[in-house]
Amino acid sequence: MTQHFLTLLDIDQSDLNRLIQRAIELKTMHKAGEVYRPFAGRVLGMIFDKASTRTRVSFESAMAHFGGHAIFLSPRDTQLGRGEPVEDSARVLSSMVDAIMIRTFSHDLVERFAENSSVPVINALTDHCHPCQLLADVQAYTEQRGDIAGRTVAWIGDGNNMCHSYINAAIRFDFKLNIATPPGYEPDAAIVAAASDRISLSHSPQEAASGADLIATDVWASMGQEEEQKKRVQDFAGYEVNQTLMNSAHHDALFTHCLPAHRGEEVSAEVIDGPQSITWIAAENRLHSQKALLEYLLK
Ligand code: CP
Ligand code: NVA
């Protein structure tokens with residue numbers, strides 16, 4: 001059966017832990033200038049229905065470093081954008097490339113694509129979740145502080161795609177997750193229910209941050225929610241991750257943000273640009289952890 005990566009739950013715990021270790025190894029190799037080209041002649045198709053800086057550049061660079069090739073496909077230039085059925089596109093594209101990465105709105109589309117693909121499909125963000133970012137975040141935490149298992153993570157802000165992937169990560173990487181969202185912005189009930197033994201939900205950023213080893217947040221209005229921006233800024237008042245909030249976490253606590261960030265909204269400049277922030281390490285790790293992911297899926 002073709003192995004896909006639509007959510008973190010598609011890979012079991014021991015394989016995910018090995019994948020993080022491999023990402024750390026690949027990073028060391030890359031920094032040492034070691035040439036490693038296991039993917040000569042292999043091709044990754046990349047479908048983007050939404051904007052991206054990190055995801056596109058990290059996947060494209062990963063394929064180039066590995067001696068392969070990546071093809072950027074936007075709805076403006078493909079028949080997918082003119083209504084060709086997802087199932088047909090999946091069948092044809094997967095007959096020509098070795099793996100396919102998709103960033104889109106509906107998670108259902110990625111699932112339907114995967115069902116009809118003969119090669120691995122990678123979810124590079126849907127409205128439902130963003131599993132690739134969690135590989136990079138967990139790698140960054142592990143590099144700075146060791147194993148994340150048994151630690152406490154606080155998610156402050158929207159119960160969005162990133163929050164959902166943090167919940168799945170709590171299951172797979174075995175950490176406790178305290179989530180604080182404004183009322184009405186809670187994460188999906190079914191995703192929460194599957195992790196009920198290790199997560200807590202509240203409407204108090206201070207309570208969630210208390211004693212945390214890592215604090216994570218994300219924009220208040222995600223891609224596709226631009227018209228809600230004004231209302232969300234009001235609804236999320238008090239949810240900025242600032243130094244006062246960081247001070248209620250463990251003294252050794254770290255901060256991360258998947259980026260792009262809005263300084264002065266979900267995070268203060270002092271925190272994201274400060275010494276506790278592993279945001280920039282995690283962003284770079286998109287390259288290394290996705291190399292490990294591609295290796296794993298194309299093994
Ligand atoms: N964090 C992340 O996925 O960034 P991009 O939207 O720039 O790809
Ligand atoms: N929640 C954000 C994440 C961007 C990487 C969004 O979906 O826009």
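Read the numbers this way: they start at 1 and go in the same order the structure lists the ligands and their atoms. In this text the structure is predicted, and so the values were computed from the model without any measurement.
A 4.5 Å side-chain heavy-atom check between E266 and V241 finds every atom pair outside the cut-off.
Ion pairing between a basic and an acidic side chain is recognised when a charged N comes within 4.0 Å of a carboxylate O; D15 and R18 show such pairing. The existence of a salt bridge linking R145 and D252 is confirmed by a sub-4.0 Å separation between a basic side-chain nitrogen and an acidic carboxylate oxygen. Between R22 and E25 there is a salt bridge, since a side-chain N of the basic residue sits under 4.0 Å from a carboxylate O of the acidic one.
Formation of a donor-acceptor pair under 3.5 Å by the R198 side chain with backbone atoms of A170 is found in this model. Side chain of Q3 to backbone of D10: a donor-acceptor contact under 3.5 angstrom is found.
Contacts between D127 and ligand 2, counted as non-hydrogen atom pairs separated by less than 4.0 Å, are absent for every part of the residue. Neither the backbone nor the side chain of D158 comes within 4.0 Å of ligand 2, counting heavy atoms alone.
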Any protein N/O atoms within less than 3.5 Å of an N/O atom in ligand 1? List the atom names and distances, or say none.
| unit_1 | atom_1 | unit_2 | atom_2 | d |
| --- | --- | --- | --- | --- |
| ligand 1 | 1 (N) | Q133 | OE1 | 3.0 |
| ligand 1 | 1 (N) | C258 | O | 2.8 |
| ligand 1 | 1 (N) | L259 | O | 3.0 |
| ligand 1 | 1 (N) | R286 | NH1 | 3.4 |
| ligand 1 | 3 (O) | T55 | OG1 | 3.1 |
| ligand 1 | 3 (O) | R103 | NH2 | 2.9 |
| ligand 1 | 3 (O) | H130 | NE2 | 2.9 |
| ligand 1 | 3 (O) | R286 | NH1 | 3.0 |
| ligand 1 | 4 (O) | R54 | NE | 2.8 |
| ligand 1 | 6 (O) | R103 | NH1 | 2.8 |
| ligand 1 | 7 (O) | T53 | N | 2.7 |
| ligand 1 | 7 (O) | R54 | N | 2.8 |
| ligand 1 | 7 (O) | R54 | NE | 3.1 |
| ligand 1 | 7 (O) | R54 | NH2 | 3.1 |
| ligand 1 | 8 (O) | S52 | OG | 2.7 |
| ligand 1 | 8 (O) | R54 | N | 3.4 |
| ligand 1 | 8 (O) | T55 | N | 2.9 |
| ligand 1 | 8 (O) | T55 | OG1 | 2.7 |
| ligand 1 | 8 (O) | R103 | NH1 | 3.3 |
| ligand 1 | 8 (O) | R103 | NH2 | 3.3 |

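The protein heavy atom nearest to atom 7 (O) of ligand 2 is N161 ND2, 2.8 Å. Scanning the protein heavy atoms around atom 8 (O) of ligand 2, the nearest turns out to be M223 N, 2.8 Å. Counting protein heavy atoms only, atom 4 (C) of ligand 2 is closest to L125 CD1, 3.8 Å.
Side-chain atoms of N160 and Q225 include no donor-acceptor pair closer than 3.5 Å.
Each of H257, H130, M162 was checked for a side-chain contact (heavy atoms from CB on, under 4.5 Å) with D137, and the lone residue meeting it is M162.
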